[in-house]
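Since the structure comes first, as structure tokens, the remarks are kept for the end.
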There are 2 protein chains.
Amino acid sequence: MQTQAEGSLKRVFRDNALKATPQRLDVLKLLMTSGEHLDAEEIYKRLLKKKKNVSRATIYRTLEVLVEYDFVRKLDFADGRMRYEQNQNPDEHHDHMVCQVCGKVFEFFNPQIEALQEAIAQEINFQMLSHTMHIYGICSACGDSADPVA
Amino acid sequence: MQTQAEGSLKRVFRDNALKATPQRLDVLKLLMTSGEHLDAEEIYKRLLKKKKNVSRATIYRTLEVLVEYDFVRKLDFADGRMRYEQNQNPDEHHDHMVCQVCGKVFEFFNPQIEALQEAIAQEINFQMLSHTMHIYGICSACGDSADPVA
DNA sequence: AAATTACATGAGACTCATTATCATTTGCAG
DNA sequence: CTGCAAATGATAATGAGTCTCATGTAATTT
Ligand SMILES: [Mn+2]
Ligand SMILES: [Mn+2]
Ligand SMILES: [Zn+2]
Ligand SMILES: [Zn+2]
């Protein structure tokens, strides 16, 4: 059985003289099924645990092409390493809240904010290509309990 | 002549058993007068050019304490190094648009967006401590001309 | 004004995420 | 099947930022 994304990857790659290697499929499948916001090292470790044959260098190179072809989004939560998440629907996007206690990531999308961003850019004739919005703080679980994350 | 910020720094530092060294004053003054969003290396090079006596390690350590005491804000434009800007008024803040062609940074503040962010966090009982919002794209100067930045 | 001392600095070693190099392997078109 | 461009793996290199430690100095105390 082959997932939708895998088929899409093979097609897109073939059309661009790129190879659909097992490593690329493995990385993509991991991000698709986990649904998490993972860093390169975590992806590497999880694939090793699954007895997948892959190197760190390939992880980085693979993530680069997956981002380039819009299969994956690269996120910067300002803690020294990049995170990656699946990008099922490149037309949509969402922003993130990050709990600084437990590290949990919450996603949100607010059309009003999106519209305001567009308007602000317009005002100075700035052509917006992308934007990031990260809210940092303490999630409800960590805020409620004196013993967070437990 | 001594600037407002320098006096404030001396006072705050004295109250916290920290020393108002020439290096700290130099870094702060540079950020205050330039008004730019500079990375550590750029600050280092500019101070060297001014014949100021300072090391890279001290630049990093100094920026750390200046951020800690709210004299400076640390920014992450997701290009591999942190930027620093003066933080004259810690009560206010602003967000940034970054031109991916010329690197120029534009500042903005939108109270509606701020309010919406608060509301979104509230919805899931997330205690917002800080947030970043960066708009990336092409500035009017770079967009208009075929020969940008020129 | 000199002594004291805790904090700060400078030089350079070190860490760690990410990138580059290059010999070897492999996907896949023909 | 074969040929070969593209991809991988091992590992060296890079670069931002941090750490160590001997030395220096701001600020306080005599
Ligand atoms: Mn997400
Ligand atoms: Mn700014
Ligand atoms: Zn939490
Ligand atoms: Zn520009």
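So that the names make sense, note that chain A is the first sequence line, chain B the second, and so on, each numbered from 1. We use all heavy atoms of the structure for the numbers below, so side chains are in, but hydrogens, waters and symmetry mates are not.
- Using a cutoff of 4.0 Å between basic side-chain nitrogens and carboxylate oxygens, B/Glu36 and B/Arg46 are scored as salt-bridged.
- A heavy-atom distance below 4.5 Å is not found between the side chains of A/Arg81 and A/Glu42.
- Partners of A/Val67 by side chain to side chain contact (heavy atoms under 4.5 Å, CB included), not counting sequence neighbours, listed by chain and number: A/Val72, A/Lys74, A/Tyr84.
- Between B/Arg81 atom CZ and D/dT14 atom P the separation is 17 Å, expressed in whole Å.
- With hydrogens and angles disregarded, a donor-acceptor distance shorter than 3.5 Å links the side chain of B/Arg24 to the backbone of B/Lys19.
- Straight-line distance from the CG atom of A/Leu25 to the P atom of D/dA7: 13 Å, rounded to whole Å.
- For the pair A/Lys52 NZ and D/dA7 C1', the interatomic distance rounds to 18 Å; values are reported in whole Å.
- Listed pair B/Tyr60 / D/dT18 fails the phosphate criterion, with no side-chain N or O lying under 4.0 Å from OP1 or OP2.
- With the nearest nucleotide of DNA chain D identified for both B/Ala20 and B/Gly80, B/Gly80 has the one nearer the 5' end.
- When rounded to the nearest whole Å, the span between NZ of B/Lys45 and C1' of D/dG15 equals 13 Å.
- Here D/dT25 presents its P atom at 19 Å from CZ of B/Phe13, a figure rounded to the nearest Å.
- Atom CD of B/Glu64 is separated from atom C1' of D/dG17 by 10 Å (rounded to the nearest Å).
- The rotation axes computed at either terminus of the helix from C/dA1-D/dT30 to C/dG30-D/dC1 lie 30° apart, taking five pairs at each end and rounding to 10 degrees.
- Residue A/Ala40 has its side chain nearest to C/dT18 when only D/dT28, D/dG17, C/dT18 are considered.
- One can place CG of B/Asn16 at 13 Å from P of D/dT28, the figure rounded to the nearest angstrom.
- Using modelled atom types, no side-chain atom of A/Asn16 and backbone atom of A/Leu18 make a donor-acceptor pair closer than 3.5 Å.
- Between B/Glu118 and B/Met128 there is a side-chain heavy-atom pair separated by less than 4.5 Å.
- With rounding to the nearest 0.5 angstrom, the CG atom of B/Leu28 is 9.5 Å from the OG1 atom of B/Thr33.
- At a threshold of 4.5 Å between non-hydrogen side-chain atoms, the residues B/Ile43 and B/Thr62 do not count as touching.
- By the 4.5 Å heavy-atom criterion applied to side chains, A/Met97 and B/Ile124 are counted as neighbours.
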### Query
What does nucleotides 5-12 of chain C look like as a protein-contact string, B for base, S for sugar-phosphate only, - for none, at under 4.0 angstrom between heavy atoms?
-BBSBBBB
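- Between the NZ atom of B/Lys74 and the C1' atom of D/dT18 there is a distance of 11 Å, rounded to whole Å.
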